[in-house]
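Written below as structure tokens is the structure these notes are about.
Start at 1 and go down the list; that is how both ligands and their atoms are numbered. The shown structure was predicted, so the numbers you read here are calculated from the model rather than taken from an experiment.
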Amino acid sequence: FIKKLGTMTAAVSVAALMVAGAADAKNFKIAVGDSAGSAQEALGLAFVKALEEKSGGAHTATLFLNGQLGSEQDTVNEAAIGTLDMSLLAINNITPFSPSVGVFTLPYVILSLEDAEKLTQGPIGQELVENTIRDAGVRIIGWTYTGFRRLTNSKKPVSSVADLQDLIIRVPKNEIMIETYKSWGISPTPMAWSETFTGLQTKVVDGQDNPYLTINAMKFYEVQNHVTNLRYIFSIEPLIVSESVFQGLSEEDQKIILEAGQEATQISAQFLRDSEAAIKEELTEKGMAIIDPENDEAEFIELATGAVWPQFYESIGGVEKLNTVLEAIGREPV
Ligand code: MLT
């Protein structure tokens with residue numbers, strides 16, 4: 001009997017070891033708001049590659065593109081409760097859960113890719129990572145840089161605030177963006193990202209804004225024909241990991257994930273630098289007319305910064321927070 005028990009114990013421990021081995025090998029699920037060819041996908045693929053390399057092939061991750069796992073805002077909730085491992089989404093869709101992140105969505109604060117890199121990878125970015133863990137239960141581990149959000153519509157060329165007045169524009173469910181359009185005199189239509197293509201196609205809305213890379217990857221040229229080169233928001237699209245999933249990992253795996261996120265961030269910046277001009281060209285070839293706003297966007301800038309910034313000082317952590325951001329990118333404080 002004792003011998004039999006011994007054999008059984010050995011069998012149990014081999015099985016236990018096998019289970020432990022299998023449990024240690026991770027295949028993280030990553031929700032991705034955008035489709036193939038997007039900046040989000042580029043960062044996601046770079047992250048998967050770095051994760052596999054750094055873990056010696058032990059871990060991998062799978063991208064679920066095109067909002068398959070739900071709207072971008074829903075994925076924040078899912079990650080917060082730990083039913084989803086990771087998500088790649090526009091920062092404006094995190095702001096409702098962690099308002100201080102809104103400092104990166106305030107109109108005309110970030111004026112270049114270099115500004116975006118400096119802010120996200122410096123102490124301000126680190127502070128927002130911590131705030132997001134505290135407020136939303138998700139940890140930002142990488143940053144996708146997608147370029148300025150350009151206004152598209154299916155009706156007419158828009159170069160001035162006056163041209164906007166009879167258009168129905170979709171915006172994310174984000175107060176700062178809603179107030180920005182209000183400062184330009186129109187009441188926009190908040191709509192989840194996952195519903196936007198259909199909204200444009202069925203003409204529930206006339207237009208929306210997103211970067212060239214996103215407009216192209218999402219095939220918006222099939223349902224939109226005018227682009228206005230606004231620069232009111234430089235789109236930053238973080239890779240987030242559920243904090244509860246992250247805390248469940250070994251210290252070594254946490255380190256691997258953080259490093260893979262950093263590596264993917266560098267690749268994302270390069271992806272934008274390498275592809276934006278060609279993608280803009282491609283959009284023209286696909287029939288989109290691209291125009292610049294009149295007077296260097298002066299009226300858009302004046303209305304938005306004047307009306308919108310002060311409304312959000314409190315939620316971003318005070319006017320001094322905005323000033324820290326402005327100073328970090330070499331601009332005059334307010
Ligand atoms: C949005 O407009 O909701 C986002 O920018 C979508 C995205 O992730 O590209």
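- Under 4.0 Å from any atom of ligand 1, one finds heavy atoms of residues Asp34, Gln40, Glu72, Ala90, Asn92, Asn93, Arg149, Arg170, Pro172, Trp193, Asn210, Thr214, Glu237.
- Between Val32 and Phe64 there is no side-chain heavy-atom pair separated by less than 4.5 Å.
- The nearest pair of heavy atoms linking Asp166 to Asp206 is O-OD2, 4.1 Å.
- Ring geometry for Phe220 versus Phe197: interplanar angle of 30 to 60°, hence tilted.
- Listed here is the closest heavy atom pair of Ile91 and Pro238: N-CD, 3.7 Å.
- Residue Leu151 forms a side-chain contact (heavy atoms from CB on, under 4.5 Å) with just one option from Asn229, Asn210, Thr228, and that option is Thr228.
- Applying the ring-ring contact (aromatic ring centres under 6.0 Å, His included) test to residues at least two apart or on different chains, the pairs with a partner in residues 108-162 are Phe148-Phe234.
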